[in-house]
Amino acid sequence: MPGQPLSFSLKGQVALVTGAAGALGRLACETFAQAGADIVLVGRHIDSLRAQADRLAAMGVRVLSVAADVTRSESVQAMVDQAISHFGRIDIVLNNAGTSSPKSLQELSDDDWHRIMDTSATGSFFVARAVAPSMIQAGYGRIISMGSILAVRGMAHRVAYSAAKAAVANLTRALAFELGPHGITVNALGPTVIVTDLNREMVLKQPELYDAVLKRTPIGRLGQPQDIAGPLLFLASPAAAFVTGQVLFVDGGYTAG
Ligand SMILES: NC(=O)c1ccc[n+]([C@@H]2O[C@H](COP(=O)([O-])OP(=O)(O)OC[C@H]3O[C@@H](n4cnc5c(N)ncnc54)[C@H](OP(=O)(O)O)[C@@H]3O)[C@@H](O)[C@H]2O)c1
């Protein structure tokens, strides 16, 4: 609004992060906490969230850890209910849980396909559906999902992952229309290869695939977790009120080519 100061502060807000124990999940939680938000950590194993919860609490924010499997709607609903009953609100959601498998088409099993699609695409849908009522009631919300450059580019040995991330991108656009009238923005981040536990083994096993990404990246390097922080905070913040239905590529320019 004209005259209103630009705000990237999340003070007084509650941010929920799925896949919170993973590399980018940890980075996201720390980014939101640094901006002042209280944090709901979500993962399948509560033990894996403990160290992260202690670190965030030491930053002076309130923290709740909840075990949930994003591929199961009743688990997601119970997790969101617990978060709302604890904090009274959820302002920001990051659908970060995701998984991959570096297999060829012939090697990819039914289970691989369903696990990859269900974690990124179906999980993002389940979480958005579960948090929407409280955000609609509040007239405010920020829903962000982890997409990928593979939402808009293909790659061998990433068939299910590419399909899942394309689904996340268009889920984002459709939700933007549905939730925009309620003051809720819905966006995705589209990172390039960011070397983390998800892909470290794949980077080592298939250097030729990653070299091909590197050659087409104007900035001339793959990503680091810290590259996500600024774009994520922007989308989560009050400053991004007029940005919705977008995939913000964080890719050193890869998708510009
Ligand atoms: N790293 C990259 O290069 C890159 C690039 C583009 C996009 N991304 C996306 O960024 C997100 C995070 O990636 P990352 O590199 O940080 O991977 P990561 O370290 O493997 O973290 C993924 C997290 O997802 C959680 N998870 C998996 N299945 C789950 C389920 N069914 N329910 C709840 N949580 C589940 C895992 O936790 P538990 O196993 O403990 O439950 C883990 O903490 C993913 O969506 C990924 O696709 C990553």
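Just follow the structure's listing: the first ligand is 1, and inside any ligand the first atom is 1. Everything quoted here is computed from the prediction, not taken from an experiment.
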Report yes if some N/O of His45 lies less than 3.5 Å from some N/O of ligand 1; otherwise report no.
no
For residues Ile39 and Val61, determine if any side-chain heavy atom of one lies less than 4.5 Å from a side-chain heavy atom of the other.
yes
Distance in Å, Ile228 CD1 paired with Ile194 CD1, rounded so as to fall on 0.5 Å steps
3.5 Å
Here's a test for you: under side-chain contact (heavy atoms from CB on, under 4.5 Å), which of Ile84, Val66, Val70 qualifies with Met79?
Val66
So Leu209 and Asp211, side-chain contact (heavy atoms from CB on, under 4.5 Å) or not? Walk me through it.
CA-CA 6 Å; Leu209 278 185; Asp211 284 350; over 6 Å; no
Ligand 1 to Leu24 polar contact by distance, N or O atoms, under 3.5 Å:
yes
Taking side chain as C-beta onward, heavy atoms only, is Leu94 less than 4.5 Å from Leu16?
no
Using a 3.5 Å cut-off on N or O atoms only, is Val193 in polar contact with ligand 1?
no
Heavy-atom contact under 4.0 Å between Arg115 and ligand 1?
no
Looking at Gln106, I want to see if its CD is surrounded by more than 12 non-hydrogen atoms of other residues, nucleotides or ligands under 6.0 Å.
no
Considering distance alone, does some N or O of Thr99 sit under 3.5 Å from an N or O of ligand 1?
no
Can you list the ligand 1 atoms lying under 4.0 Å from a non-hydrogen atom of Thr71?
31 (N)
Looking only at non-hydrogen atoms, which of Ile116, Thr122, Asn96 approaches atom 12 (C) of ligand 1 most closely?
Asn96
Identify, for atom 15 (O) of ligand 1, the protein heavy atom at the shortest distance, and state residue, atom and that distance.
Thr196 OG1, 2.5 Å
Going by distance only, is there an N or O of Arg44 that falls short of 3.5 Å from an N or O of ligand 1?
yes
Pair Leu235, Arg142 - check side-chain contact (heavy atoms from CB on, under 4.5 Å), show working.
CA-CA 8 Å; Leu235 290 179; Arg142 297 277 183 271; over 6 Å; no
Quick one: nearest non-hydrogen protein atom to atom 35 (C) of ligand 1, plus distance?
Ala97 CB, 3.6 Å
With heavy-atom distances below 4.5 Å as the criterion, would you say the side chains of Asp111 and Arg115 are in contact?
no
I need the nearest protein heavy-atom contact for atom 31 (N) of ligand 1: residue, atom name and distance, please.
Asp69 OD1, 2.8 Å
Show the atoms of ligand 1 that are less than 4.0 angstrom away from any heavy atom in Gly147.
6 (C), 7 (C)
Are any of the N or O atoms of Ser148 closer than 3.5 Å to those of ligand 1?
no
Atom CG of Asp110 with >12 non-hydrogen neighbours under 6.0 angstrom:
no
Which protein non-hydrogen atom lies closest to atom 22 (C) of ligand 1, naming both residue and atom, and how far is it?
Gly98 O, 3.6 Å
When rounded to the nearest 0.5 Å, the distance separating CG of Asn96 from CE of Met146 is 4.5 Å
Within this structure, what is the OH-CZ distance for the pair Tyr254 and Phe249, rounded to the nearest 0.5 Å?
11.0 Å
Is any side-chain heavy atom of Thr244 less than 4.5 Å from a side-chain heavy atom of Phe177?
no
Closest to atom 17 (O) of ligand 1 among protein heavy atoms sits Leu198 CB, 3.3 Å
Starting from the C-alpha separation in whole Å, work towards a yes-or-no answer on side-chain contact (heavy atoms from CB on, under 4.5 Å) for Gln52 and Ser65.
CA-CA 9 Å; Gln52 167 80 336; Ser65 301; over 6 Å; no
Could you establish whether Gly223 and ligand 1 come within less than 4.0 Å of each other, counting only heavy atoms on the residue side?
no
Purely on distance, is any nitrogen or oxygen of Val70 under 3.5 Å from one on ligand 1?
yes
Does atom 37 (O) of ligand 1 have any protein heavy atom closer than 4.0 Å?
no
Between CG of Leu49 and CZ of Arg44, what distance do you get to the nearest 0.5 Å?
11.5 Å
Thr192 and Val250, any side-chain heavy atoms less than 4.5 Å apart:
no
Quick test: of every protein heavy atom, which one is nearest to atom 5 (C) of ligand 1, and how far off is it to 0.1 Å?
Thr192 O, 3.2 Å
Under 3.5 Å: N/O of Ala23 near N/O of ligand 1:
yes
Nearest neighbour of atom 33 (C) of ligand 1 from the list Ser120, Ala68, Gly19, on a heavy-atom basis
Ala68
Are any of the N/O atoms on Gly22, whether in the backbone or the side chain, positioned under 3.5 angstrom from an N/O atom of ligand 1?
yes
So which heavy atom in the protein is nearest atom 47 (O) of ligand 1, and how far is it from that ligand atom?
Tyr161 OH, 2.6 Å
So which protein heavy atom does atom 2 (C) of ligand 1 come closest to, and at what separation?
Ile194 O, 3.2 Å
Provide the number and element of each atom of ligand 1 under 4.0 Å from a heavy atom of Lys165.
45 (O), 46 (C), 47 (O)
